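Take a look at the structure below.
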Protein chains: 4
Amino acid sequence: MARTAEKRERSHHEKRNLILQTAQSLFSETGYAATTIAEIAKSAGVSFGSVFSYFESKEALFKQSLLEPLEQNKSMFLRFTTFETPSETVQALIRIHMEFVARNAAFLRIIQQVIAQRAQFPDLFEELDRFNHEFQDALCPIILQGQEMGEFSSGDPNLVATSYLSFLLGLRLAYADPPGHSLWSAMTVMAYRLFGPTAGHGEA
Amino acid sequence: MARTAEKRERSHHEKRNLILQTAQSLFSETGYAATTIAEIAKSAGVSFGSVFSYFESKEALFKQSLLEPLEQNKSMFLRFTTFETPSETVQALIRIHMEFVARNAAFLRIIQQVIAQRAQFPDLFEELDRFNHEFQDALCPIILQGQEMGEFSSGDPNLVATSYLSFLLGLRLAYADPPGHSLWSAMTVMAYRLFGPTAGHGEA
Amino acid sequence: MARTAEKRERSHHEKRNLILQTAQSLFSETGYAATTIAEIAKSAGVSFGSVFSYFESKEALFKQSLLEPLEQNKSMFLRFTTFETPSETVQALIRIHMEFVARNAAFLRIIQQVIAQRAQFPDLFEELDRFNHEFQDALCPIILQGQEMGEFSSGDPNLVATSYLSFLLGLRLAYADPPGHSLWSAMTVMAYRLFGPTAGHGEA
Amino acid sequence: MARTAEKRERSHHEKRNLILQTAQSLFSETGYAATTIAEIAKSAGVSFGSVFSYFESKEALFKQSLLEPLEQNKSMFLRFTTFETPSETVQALIRIHMEFVARNAAFLRIIQQVIAQRAQFPDLFEELDRFNHEFQDALCPIILQGQEMGEFSSGDPNLVATSYLSFLLGLRLAYADPPGHSLWSAMTVMAYRLFGPTAGHGEA
DNA sequence: GATGAATGAGGATTCATTCAT
DNA sequence: TATGAATGAATCCTCATTCAT
């Protein structure tokens, strides 16, 4: 009996995730407004009504398809490993981010939608804005340190941080290439350039 | 009589442009699917039916709101003035582009939509793809020249060109700041970093 | 001046007729509801607004496209030449009618519409009903005479008259053949059978 | 549970039929274009949206309102009982057909629309055309046999068959009388005349 | 009169949400 | 909870009619 409940519970959770991921994928490809619940249900292989058993409304489903992965990946973005020098730290960081960008096209497309149509999703936008600030707060000290150590050219570290984030967003917008593609590793070099590496601290 | 026809003609064209610009603005803010023709009509101060006198369908209106400004600005993007050194040329270029990005938020948001939901707008996406290639073809020689003259670090010039475009797109996605804001001029420096300027050829 | 006015007058009348005939043709092919004024104008080669200069409304145009030819051809249908014997009279009649049916597809299709959707065109239907009665009143005496003379089998002459009219309508419904087609002459024989010709008075 | 599903299934099917029959009735009275889905829904006592749950589109609903009764009654029209003599067979046939014509005004009005506006419903028209040919193929042998046995006057049997069908169509066009009306039985005599019965084989 | 742009009521269709089973 | 039919508000688009030129 306990096992049954557990199993049901697990299955319950799995079904919810299945719906959520399918929704994320479809919302990202087709956009919020043009994606229908019927499509999501069909694509996820669940019944139409089930979607509403697990999510209160279409909007709630959209929100979750942004907020849950955001929550899951926040720490990865914000709590990065520090190496001996800032340049090493940043380069390691970029590799991780680029990998993430390459692998999470759907998630980033949803972020793009929220940013582009911020008037439609004000609370989600605010959430992203908060994340942006947290990210700047985490990255700036490293940049500053690098500038002080002469590894990076001088300049407003906040500007560097935001242009770096914009660059990542823009990349994912422009490219539909699959994760394994060499483009993504090549782009780490370009991303690093935004930090203004001085001679001797460029990409090896 | 001729004057009357002329005047009517002019007014006719102005009304069309009014609708087109209103549409561009609303499409960019709210997205294609969530923008209604009724909103566009009301916002432009014309009747609902008038929109359909000037544009065959909602889709046609959307297409024109991308294609017409694209056509108008293509040459500005592709035929840039060449200065004595590549670095000067590129820096001048960036200033022009950044000014354009700052001033044409609506246009760029529509481009973002088309790129993000390319499956929904295949012919528009193709058009943008063509533009992208033309832009690379125009920019690469300058980058190569700069690399040969030692002004820019080496690296695939196509990669530089595309990351530059992605950066511009990403910037306009991330920021809602008005044209005059200092952010845009500050960002020219960041954009220039993507070209990998060597010591002595950085931003002045 | 007088000539100019006359010419203008003639041209005016011709233009009106052009519109009317085009309308008749399109109404008959596409049906009243599915035919648009714009189509009529384009097909007639006149400006859109002209249609409303000559006819008060779409409905008025439809009505005229039935009533005018009806008025013009009424006498032909009702005042037929009498020959020596009823059978000759009827056979001559049928030839004329069949010729008319073959040549006036559009007109008959409009009649069919009015009859079929009588609730939509009550006054037009009434007009046709009146014509039907007049036709019966004109034809019955001939039929009776023929029956008395032993040329036609006995039977309610009204029944014969109405079945004859129904037959003509049904024919024009079923066939799209052009006027010259042999079908129409062949059908005169079938039409004559409805009168119940006795041996020796059949079609020669 | 099975019973519930069965009941639901039945009710589902009944609702579909209710919509279909209401649609058939309204389409026949008002014509395809002038009949609105809202009217059909209201008249059938179902919600507006329900119509679209059961039928893909207005056009599909119209098609079904012709094709389903056509399919159901095809065999009745084509597979007739043969009596000892062709004249008996034909007279029995006519009684059945006339009964059908009297009872199925709506169905026949829809057929009339499709024939009259064949350009708008090409596939439906083709279907009717096929039926027409099948009917001729079935009827001609009987007529021929009757002609050989001297019961019917000579003449192209195809002509007889098609004029007979045209007559039925024309009848239903001209009369709005209810099924029980004496007109319909009286008309069997007229219909029989089209076969050219020779003396001694006329209507009893 | 002639023209064709302007208007908005009306209609087909979609789809989120509700709800009975 | 699972299902999918029922609902009707919302939206695109058409087109008769009006009207300014």
Side-chain angles (χ1 to χ4, degrees), chain A residues 8 11-12 15-16 33-42 46-62, chain B residues 1 3-5 7-9 11-12 15-16 33-41 46-61, chain C residues 8-9 11-12 15-16 33-42 46-62, chain D residues 1 3-5 7-9 11-12 15-16 19 33-42 45-61:
Chain A
R8 205 191 303 130
S11 140
H12 179 271
K15 195 168 175 181
R16 184 181 180 284
T35 303
T36 70
I37 297 283
E39 273 170 12
I40 294 169
K42 195 180 172 187
V46 304
S47 80
F48 176 77
S50 280
V51 177
F52 285 94
S53 300
Y54 288 89
F55 298 91
E56 209 174 311
S57 66
K58 188 186 177 184
E59 207 187 338
L61 181 52
F62 182 71
Chain B
M1 186 106 155
R3 197 148 59 191
T4 313
K7 203 192 277 179
R8 202 191 307 132
E9 193 56 34
S11 138
H12 184 268
K15 193 169 177 183
R16 184 182 179 282
T35 303
T36 70
I37 297 281
E39 274 169 13
I40 294 170
V46 303
S47 79
F48 179 80
S50 278
V51 178
F52 287 96
S53 304
Y54 290 87
F55 299 92
E56 213 173 299
S57 65
K58 186 186 179 183
E59 204 186 341
L61 180 52
Chain C
R8 204 190 304 130
E9 192 55 33
S11 142
H12 179 269
K15 195 169 176 182
R16 184 180 180 283
T35 303
T36 70
I37 299 283
E39 273 169 10
I40 294 170
K42 194 181 174 187
V46 304
S47 80
F48 176 76
S50 280
V51 178
F52 284 95
S53 299
Y54 288 89
F55 299 92
E56 207 174 311
S57 66
K58 187 186 178 184
E59 207 187 340
L61 180 53
F62 182 71
Chain D
M1 185 103 156
R3 197 147 59 191
T4 314
K7 203 192 277 178
R8 202 190 309 132
E9 193 57 34
S11 138
H12 184 268
K15 193 168 178 183
R16 184 183 179 282
I19 293 171
T35 303
T36 71
I37 297 282
E39 273 169 14
I40 294 169
K42 196 179 175 186
V46 304
S47 79
F48 178 80
S50 278
V51 178
F52 287 96
S53 304
Y54 289 87
F55 299 91
E56 214 171 298
S57 65
K58 187 185 179 183
E59 204 186 342
L61 180 52

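Since this is a predicted model, take the numbers as computed values, not measurements. Throughout, protein chains are lettered first and strands after them, A, B, ... in sequence-line order, and every chain is numbered starting at 1.
- Taking atom CZ on Phe62(C) and atom C1' on dA16(F), their separation rounds to 16 Å, with Å as the unit.
- The nearest pair of heavy atoms linking Ala41(C) to Ser47(C) is CB-O, 3.8 Å.
- OP1 or OP2 of dA6(F) lies within a sub-4.0 Å distance of a side-chain N or O belonging to Lys15(D).
- A search for side-chain contact (heavy atoms from CB on, under 4.5 Å) contacts involving Ser53(D) returns nothing, not counting sequence neighbours.
- For the pair Ala34(A) and Thr35(D), both in contact range of DNA chain E, the more 5′-proximal nearest nucleotide belongs to Thr35(D).
- In terms of the side-chain contact (heavy atoms from CB on, under 4.5 Å) criterion, residue partners of Glu59(D) (sequence neighbours excluded) are, by chain and number, Tyr32(D), Ser57(D), Lys63(D).
- Remark: P of dT7(E) and CD1 of Ile37(B) are 15 Å apart, rounded to the nearest angstrom.
- Across dC12(F), dA12(E), dA6(E), the shortest atom-to-atom separation from the side chain of Thr36(B) is found for dC12(F).
- With sequence neighbours left out, the side-chain contact (heavy atoms from CB on, under 4.5 Å) criterion links Phe55(A) to Arg16(A), Ile19(A), Leu20(A), Leu61(A), Gln64(A).
- Taking the side-chain contact (heavy atoms from CB on, under 4.5 Å) definition, one finds that Glu39(C) meets it with Leu26(C), Thr35(C), Thr36(C), sequence neighbours left out.
- When rounded to the nearest whole Å, the span between CZ of Phe48(C) and P of dT17(F) equals 9 Å.
- Shortest non-hydrogen contact noted between Lys58(C) and Ala33(C) is NZ-O, 3.5 Å.
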Legend entry - Watson-Crick and G-U pairing of DNA chain F, under 3.5 Å, as dot-bracket with | and [ ]: .||||||||||||||||||||
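- Per the geometry, CG belonging to Leu61(B) stands 12 Å off C1' belonging to dC12(F), to the nearest Å.
- Within residues 49-60 of chain B, the residues having any heavy atom under 4.0 Å from DNA chain E are, by residue number, Gly49(B), Ser50(B), Ser53(B), Tyr54(B).
- If you measure from atom CD1 of Ile40(B) to atom P of dA6(E), you get 16 Å, rounded to the nearest angstrom.
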